[in-house]
Trainee: 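Handing you this structure, nothing more for now.
No hydrogens, no waters, no symmetry mates; every other heavy atom, side chains included, goes into these values. Within every chain, numbering begins at 1; the chains are lettered A, B, ... in the order of the sequence lines, protein sequences first and strands thereafter.
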Number of protein chains: 2
Amino acid sequence: MGTRNPGQRAGLTRGAVLAAANELLAERGLAALTMRAVATRLDVAPNALYSHVANKTALLDEVLDERLALVTEPDPDGDPAAGLHAVMTSTRAVLLDRPDLVPLYLARQGARGPHAQRLGEVMLGLMDRAGVTGGDAREALRVLIVYTIGFAALGTGGPLAADETARSFDRGLRWLLTGIIPG
Amino acid sequence: MGTRNPGQRAGLTRGAVLAAANELLAERGLAALTMRAVATRLDVAPNALYSHVANKTALLDEVLDERLALVTEPDPDGDPAAGLHAVMTSTRAVLLDRPDLVPLYLARQGARGPHAQRLGEVMLGLMDRAGVTGGDAREALRVLIVYTIGFAALGTGGPLAADETARSFDRGLRWLLTGIIPG
DNA sequence: CAATATAGCTGGACGTTGTACAGTTTGCCA
DNA sequence: TGGCAAACTGTACAACGTCCAGCTATATTG
């Protein structure tokens, strides 16, 4: 019953592999996210995954970017500072649901996937409407991203409780936004 | 010549193990920092390390904290904001010299060693002198640490050059400090 | 409809990692 | 001088990522 069917198609797809990886990550953490574990969950031999994913790094890259798809986009015509505030807050919340992921973003020096790119463009658009452009905008973008990812990384543990951490995040974020968009 | 002496004391010390780990990290990066590599460098069997270090995690913890000893302490009687600025700038520089280390700080949810603790107290002292106390001070401390470690993590790669990144860091840091210590 | 190519899967294996176990050797202290 | 604890060794194990060679069910072609 549960035994694998030698030489038979299991109907494995790239999406199924990704989904299994995500489930594993949510249920048992990053350390448990091994190729073998993903394969076991899909009732498949470990190397079968390599028909759909180049290697583990590539798999993680996709898990990473897929996560960012959950960030809610702000109203592009609303108040720019409020929009930026909303994006960063949402990003932090999304990352906080998978704390193990965050060190990976940093080890990879940030995300480069399509969803990450889209978010960056949205934020640049908001800044543009607030009169922050060119190099200044890119610098500010970097500051906001670093701050948010950093807080997601350090946000779960530590001596402060969750809501206190959320308040700290919010205060610092406002300080930054005030600096970026004065008045 | 290079052969090991079976059953003979090699004069290994905890400090030597730590030093070897640090060298390896500096010369070949985190991926090359394996127990076996450390042992080879000390001309010793891999498991000999376990007489001096509990396990690899403990070894890394000590490498991590040792690194923070290099952060220059500020004048405790100078201008508080300037002092905080100096500590964070120094911290970033120290971490930037071992970029591989930074994701580890984040994976461990911050540093807990004695040097990390000392730095925290110094910073709290500066804030106290600036009139920021209690929960406000702890929140501000967290914000500054997260920002600095985050920037060290994302500071090396990316589209901007090193000096541009340094300038971004400085701008954001000033925004935060202005928020923490107005006027 | 038959022959062939191909993509998806399998078993098995390799090299590397962290670390446990048991034994041997050494230096120190009673 | 006898013995003991600490330091070090060889050996081994489980788990990891990933490669290779085969088998097979499906898709493609004549």
Side-chain angles (χ1 to χ4, degrees), chain A residues 1-64 100-101 103-104 107-108, chain B residues 1-64 100-101 103-104 107-108:
Chain A
M1 318 162 50
T3 56
R4 268 167 285 163
N5 253 335
Q8 209 140 313
R9 304 263 153 134
L12 211 53
T13 66
R14 184 188 194 77
V17 174
L18 250 168
N22 262 309
E23 288 168 28
L24 224 38
L25 193 63
E27 293 171 17
R28 309 208 276 119
L30 181 62
L33 177 46
T34 73
M35 292 291 152
R36 281 174 159 87
V38 173
T40 300
R41 176 171 282 254
L42 294 166
D43 207 33
V44 140
N47 35 2
L49 305 178
Y50 290 85
S51 296
H52 305 273
V53 172
N55 48 40
K56 189 182 183 182
T57 302
L59 173 58
L60 285 178
D61 278 340
E62 257 174 306
V63 169
L64 245 26
D100 289 351
L101 240 48
L104 284 186
R108 284 168 168 62
Chain B
M1 315 161 51
T3 57
R4 267 166 289 163
N5 254 335
Q8 207 141 314
R9 304 264 154 135
L12 211 53
T13 66
R14 186 187 193 76
V17 173
L18 250 168
N22 261 310
E23 289 169 26
L24 223 39
L25 193 64
E27 293 171 17
R28 311 209 273 118
L30 180 63
L33 178 47
T34 74
M35 292 291 149
R36 282 174 161 86
V38 173
T40 300
R41 175 172 284 252
L42 294 167
D43 207 33
V44 139
N47 36 359
L49 304 178
Y50 290 85
S51 296
H52 306 272
V53 172
N55 48 39
K56 189 182 182 182
T57 302
L59 173 57
L60 285 178
D61 277 340
E62 257 173 306
V63 169
L64 244 27
D100 289 348
L101 241 46
L104 285 185
R108 284 167 170 60

Trainee: Can you say whether a donor on the side chain of A:N47 sits under 3.5 Å from an acceptor on the base of C:dG8, or the other way round?
Mentor: no

Trainee: For B:K56 and B:T34, which heavy atoms make the closest approach, and how far apart are they?
Mentor: NZ-CA, 4.3 Å

Trainee: Show the numbers, then the answer: is there a side-chain contact (heavy atoms from CB on, under 4.5 Å) between B:L104 and B:L30?
Mentor: CA-CA 10 Å; B:L104 285 185; B:L30 180 63; 4.0 Å; yes

Trainee: Rounded to the Å, how far apart are A:L12 CG and D:dT26 P?
Mentor: 15 Å

Trainee: Going by number, which of residues 23-42 of chain B have a non-hydrogen atom under 4.0 Å from DNA chain C?
Mentor: B:T34, B:M35, B:R36

Trainee: Rounded to the nearest Å, what distance is computed from the NZ atom of residue B:K56 to the P atom of nucleotide C:dA20?
Mentor: 15 Å

Trainee: Check B:V38 against B:A20 and note the closest heavy-atom contact, atom names and distance.
Mentor: CG1-CB, 4.1 Å

Trainee: Could you tell me which residues satisfy salt bridge (charged side-chain N to carboxylate O under 4.0 Å, His left out) with B:R14, sequence neighbours excluded, listed by chain and number?
Mentor: B:E62

Trainee: Can you name the residues that form a side chain to side chain contact (heavy atoms under 4.5 Å, CB included) with B:V63, not counting sequence neighbours?
Mentor: B:L18, B:A21, B:N22, B:L25, B:L59, B:L101

Trainee: Under the side chain to side chain contact (heavy atoms under 4.5 Å, CB included) rule, collect the residues that match up with A:A32, sequence neighbours excluded.
Mentor: A:R28

Trainee: If you check every side-chain atom of A:Y50, which of D:dT18, C:dT19, D:dA7 has the closest atom?
Mentor: D:dT18

Trainee: With B:R41, which residues qualify under salt bridge (charged side-chain N to carboxylate O under 4.0 Å, His left out), at least two apart?
Mentor: B:E23, B:E27

Trainee: What is the distance, to the nearest angstrom, from the CG atom on A:L49 to the C1' atom on C:dC9?
Mentor: 11 Å

Trainee: Per the end-axis method with five pairs at each terminus, what is the bend angle of the helix from C:dA3-D:dT28 to C:dA30-D:dT1, to 10°?
Mentor: 10°

Trainee: Ignoring the backbone of A:N55, work out which of D:dT18, D:dC20, C:dT19 is nearest its side chain.
Mentor: D:dT18

Trainee: Going by heavy atoms in the side chains, are A:M35 and A:V53 under 4.5 Å from each other?
Mentor: no

Trainee: Do any side-chain nitrogens or oxygens of A:H52 fall under 4.0 Å of OP1 or OP2 in C:dA7?
Mentor: no

